[in-house]
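Here's the structure, in structure tokens; my notes come after.
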Amino acid sequence: MRAALYVRVSTEEQNLEGYSIEAQKNRCMSFIESQGDWYLSKVYADPGHSAKNLDRPAVQELMEGAKNKEFDVLVVYRLDRLVRSVLDLHNLLELFDKHNVKFKSVTEVFDTTTAMGRFFITLVGAMSEWERSNLSERVSFGMEQMTREGKWKGGHVGYGHMHIDGHMAINEDEARIVRMMYDWYLTGMSDRKIAKELRKRGIMTRGGAQWSESHVRYTLSNPKNKGDLRYGIEKEKSKQFVVEDIYPQIIDVDTFDKAMSIRESRRTFHGRQATSDHYFSGILTCSRCGRSMVGHMAKVNGKRLKNYVCLGRRHFECDMPSISERIIEHNFLQELRRGIESESINQIEEPAQDNADEIKALKRDLNKIKDRRKKWQYAWANEIMSDTEFQDRMQEEQELENDIQNQLNDLDEAQPHVVDEAVLEMMSDAVENWGNLESTEKKQLMQIAFDKIIVDKVETKKVLDRANIIEIVFK
Ligand SMILES: [Zn+2]
């Protein structure tokens with residue numbers, strides 16, 4: 001059988017895997033070869049055309065070809081390459097039928113070369129459904145591409161950004177406020193307090209509304225502030241992806257990540273509790289029952305004192321007495337100081353790390369692979385590189401990466417596990433300067449560095465009771 005191919009790619013689809021003219025050709029060719037007595041007689045190609053109607057050069061040509069019986073079967077990779085409307089499909093099938101030309105889609109069941117396949121024509125009614133879903137997919141493909149090019153048409157441009165001539169830019173007036181909000185957040189203010197502060201200052205949202213807690217949360221959690229775009233349908237996580245470096249940055253990546261890690265720790269533990277003034281809220285854990293110990297304010301001799309009460313106390317399920325923050329703070333710092341000292345000694349005693357350089361070099365190689373991948377992707381997306389070449393390159397990079405990763409793992413195993421030196425330095429800095437820290441700074445440090453502090457209370461009958469720090473878990 002003489003088989004003709006029809007291939008088409010629209011400008012929006014050129015970046016998508018499997019959509020390039022060459023990819024379609026390859027797949028159709030392997031299909032034809034697999035049929036035994038089929039052979040290729042002609043390729044009809046419409047690059048850069050949409051399928052909104054049949055008014056495409058190659059479609060017109062293939063209709064002539066069918067009339068002149070120049071081929072016996074028309075093969076497409078996917079039906080939507082040929083038509084997008086049921087009516088167009090119907091007209092084409094009628095024409096093919098009249099001239100005894102068959103029709104086959106490589107990836108779908110639509111196949112008029114068999115009796116069963118002919119039944120498909122009666123299914124045309126159901127096709128309108130397919131048409132609709134394909135249309136919405138297409139819209140999202142087009143949007144994706146524009147996003148990748150740093151352009152944005154339609155959709156919502158978030159606070160702090162605007163578009164000029166179809167390109168993203170920073171809206172300086174708004175960006176200033178976004179940066180201020182991050183500053184506040186990093187010094188321990190909650191979303192609610194930030195919203196309140198903005199309202200107090202008469203600062204409005206872009207829509208002219210009062211800032212709310214959720215609006216602040218949404219704004220601060222949006223990765224576009226550090227330049228990345230989260231794209232995709234909220235409900236369908238599998239279709240979501242992040243495109244890096246799309247927006248001009250309002251804040252640096254570090255600030256964003258720090259804010260997100262604070263948010264995470266507040267969320268994981270006790271919601272609003274953690275934004276209170278208690279340094280250890282969300283972290284302090286009762287050694288007797290394993291429950292969290294939550295912050296309370298107690299009045300002693302007219303003075304307001306911060307202390308912590310085990311959640312088990314509420315149900316009389318734990319006999320842990322409440323512990324004042326002052327005691328915990330004191331014993332905790334002691335314990336930490338001791339830990340830092342012994343850790344520093346450990347490090348000095350360790351033989352010099354000969355493989356540190358080697359690890360660095362390997363990590364550099366990993367980064368190079370990352371860069372090269374971006375280049376290949378760019379070349380492929382712009383059709384400078386063919387699908388096969390692209391796959392070969394990516395395969396090579398993958399093998400290289402695996403190899404380096406294995407080497408890294410081997411080196412890692414050979415190395416004793418020590419607390420990162422920079423962390424150690426930061427901790428000892430913090431401990432030494434603890435007295436000079438603002439209480440929001442203390443709190444922030446605790447939330448960022450520690451996962452859990454397991455504590456017991458020892459009643460000494462002296463002036464001060466003692467908190468026994470059983471275990472400190474770093475994040
Ligand atoms: Zn308890």
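Whatever order the structure lists ligands and atoms in, that order sets their numbers, starting from 1.
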For residues 169-181, dump all side-chain donor-acceptor pairs below 3.5 Å to protein atoms at least two apart in sequence or in another chain.
unit_1	atom_1	unit_2	atom_2	d
Asn171	OD1	Asp173	N	3.4
Asn171	OD1	Glu174	N	3.4
Glu172	OE1	Arg179	NH1	3.3
Glu174	OE1	Gly160	N	2.7
Glu174	OE1	Arg206	NH2	2.7
Glu174	OE2	Arg206	NE	3.0
Arg179	NE	Ile250	O	2.8

Look at the side chain of Asp456 and the backbone N and O of Arg288, then say whether any donor-acceptor pair between them is shorter than 3.5 Å. no

Judged by modelled atom types alone, do Gln395 and Glu399 share a side-chain donor-acceptor pair under 3.5 Å? yes

Would you confirm whether Ser287, through its side chain, and Val455, through its main-chain N or O, come within 3.5 Å as a donor-acceptor pair? yes

Counting only protein N, O or S atoms (no waters) closer than 2.8 Å to the Zn ion (ligand 1) gives 4

State whether the side chain of Gln249 and the backbone N or O of Lys226 hold a donor-acceptor pair below 3.5 Å, judged by distance alone. yes

Do the side chain of Arg78 and the main chain of Ser105 share a donor and acceptor less than 3.5 angstrom apart? no

